[in-house]
Asks: 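One structure coming up, written as structure tokens, with questions to follow.
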Amino acid sequence: MYLLAFAGACVLVAMVPGVSTAIILRQTLRAGRGSGMAATLGNETGILLWGLAAAFGLSALLVASQLAYDVMRVAGAVVLVVMGAQSLWQARKGAPPPEVATAPGWRGAYLAGVGTCLANPKAAVFALSFLPQFVPPGQNVPVTLVTLAVVWVLIDLLWYGLLVWAVAQAKEWLGRPAVRRTLERISGVVLIGLGVRLAVESR
């Protein structure tokens, strides 16, 4: 029963737009479905690592250390602002056609996904506060937390997979130069905004 309640909560969490959504949509719009899924897999790798860290108490160290938290917060903000600036620059000089945008392959998209997730201290705090709420009394805590982390990742994969598919279905319209430039601008502004918010936010 607790898994059902947890799955429902994960669906609601996945549907709330945030850093992960912005990165995955950016990669899908720039280089297609494969790049979007690579970013999704990268993001879920980060989520799984934070979930495992919560299971074994490592996230608690980050939460307890203000310096470690601030270092990660600033690093994450810098990553987002840089990616946003790249999008704005790309929009200014003209978005490349899909075949050019895909040239770097999936590795860059995957690293963008995992990097932004791991550099976001909010993800660590969220994993530490979210997962333990669904551990039933009397259960093996580490094993249950690992199970919940895996369920969280699977639901995320399903949601973002549907999102990537929907965006890819509209690629003919989204691939028009004027539309791509507009989307690059929007993506850049959103990423910079998220980066600035992360930089100025306290715990």
Side-chain angles (χ1 to χ4, degrees), residues 3 6-56 58-59 62 72 75-80 82-84 86-87 90 96 98-128 130-131 145-171 174-175 183-184 187-188 190-191 194-195 198:
L3 279 178
F6 178 73
C10 285
V11 171
L12 295 177
V13 169
M15 293 175 69
V16 177
V19 174
S20 298
T21 305
I23 296 299
I24 291 167
L25 288 180
R26 174 181 182 265
Q27 293 301 136
T28 306
L29 291 170
R30 295 186 85 181
R33 185 182 304 174
S35 184
M37 287 307 302
T40 299
L41 291 174
N43 181 74
E44 298 318 310
T45 299
I47 291 293
L48 182 59
L49 290 175
W50 281 130
L52 293 175
F56 297 104
L58 300 179
S59 293
L62 174 63
M72 283 196 61
V78 169
V79 170
L80 291 173
V82 168
M83 293 181 74
Q86 288 175 341
S87 288
Q90 193 65 62
E99 61 271 16
V100 175
T102 347
W106 293 1
R107 182 181 178 185
Y110 176 84
L111 292 177
V114 70
T116 51
C117 183
L118 291 179
N120 184 2
K122 297 292 184 182
V125 174
F126 186 74
L128 189 64
F130 180 59
L131 297 181
L145 287 175
V146 170
T147 303
L148 293 176
V150 171
V151 172
W152 186 6
V153 165
L154 292 176
I155 290 174
D156 259 16
L157 282 172
L158 178 60
W159 169 254
Y160 287 125
L162 290 173
L163 196 61
V164 168
W165 176 84
V167 172
Q169 289 299 106
K171 65 181 179 181
L174 295 174
L183 292 174
E184 288 282 1
S187 174
V190 168
L191 288 170
L194 289 170
L198 182 60

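Bear in mind that the values here come from a model prediction, so they are computed numbers and not experimental data. Excluded from the calculations below are hydrogen atoms, water molecules and symmetry mates; all remaining heavy atoms, backbone and side chain alike, are included.
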Asks: Can you list the residues that meet the side chain to side chain donor-acceptor pair (under 3.5 Å) rule with Thr45, with sequence neighbours excluded?
Replies: Tyr110

Asks: Please check: side-chain N/O of Trp50 versus main-chain N/O of Cys117, any donor-acceptor pairing under 3.5 Å?
Replies: yes

Asks: Which donor-acceptor pairs under 3.5 Å do the side chains of residues 148-164 make with protein atoms, sequence neighbours left out?
Replies:
unit_1, atom_1, unit_2, atom_2, d
Trp159, NE1, Ala14, O, 3.2

Asks: Rounded at 0.5 Å granularity, tell me how far CG in Leu131 sits from CG in Leu52.
Replies: 10.0 Å

Asks: Please collect all side-chain hydrogen bond (donor to acceptor under 3.5 Å, both in side chains) contacts where either partner lies in residues 7-20, sequence neighbours excluded, each pair once.
Replies: Ser20-Asn43

Asks: Can you name the residues that form a side chain to side chain donor-acceptor pair (under 3.5 Å) with Thr28, not counting sequence neighbours?
Replies: none

